[in-house]
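What you see below is based on every heavy atom in this structure, not just the backbone, and it leaves out hydrogens, waters and symmetry mates. Small disclaimer: the values here were computed from a predicted structure and weren't measured.
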Amino acid sequence: MLGWALTFLVVALIAGLLGFTSIAGAAMGIAKILFFVFLVLFVVSLVMHMVRGRGAL
């Protein structure tokens, strides 16, 4: 999912350089949303790992 956020960020930067402001704005918005979703999922995964701990061996 982080790969998608980076892809949309690159698309937004290229579109911004070429002057396509509406496309750049849309791609930047999608990249921002995907980044925050990735961040939330990472934090949830980290908390679950800490709560669960190591299993019995």
**Fill in**
CG of Leu34 to OG1 of Thr7, rounded to nearest 0.5 Å, is 9.5 Å
**Asked** Linking I/L/V/M/F/W/Y whenever their side-chain heavy atoms sit closer than 4.5 Å, directly or via other members, would Val51 and Val43 fall into one cluster?
**Response** yes
**Message:** Taking Phe36 as the starting point, is it possible to reach Val44 by hopping between hydrophobic residues whose side chains are less than 4.5 Å apart?
**Reply:** no
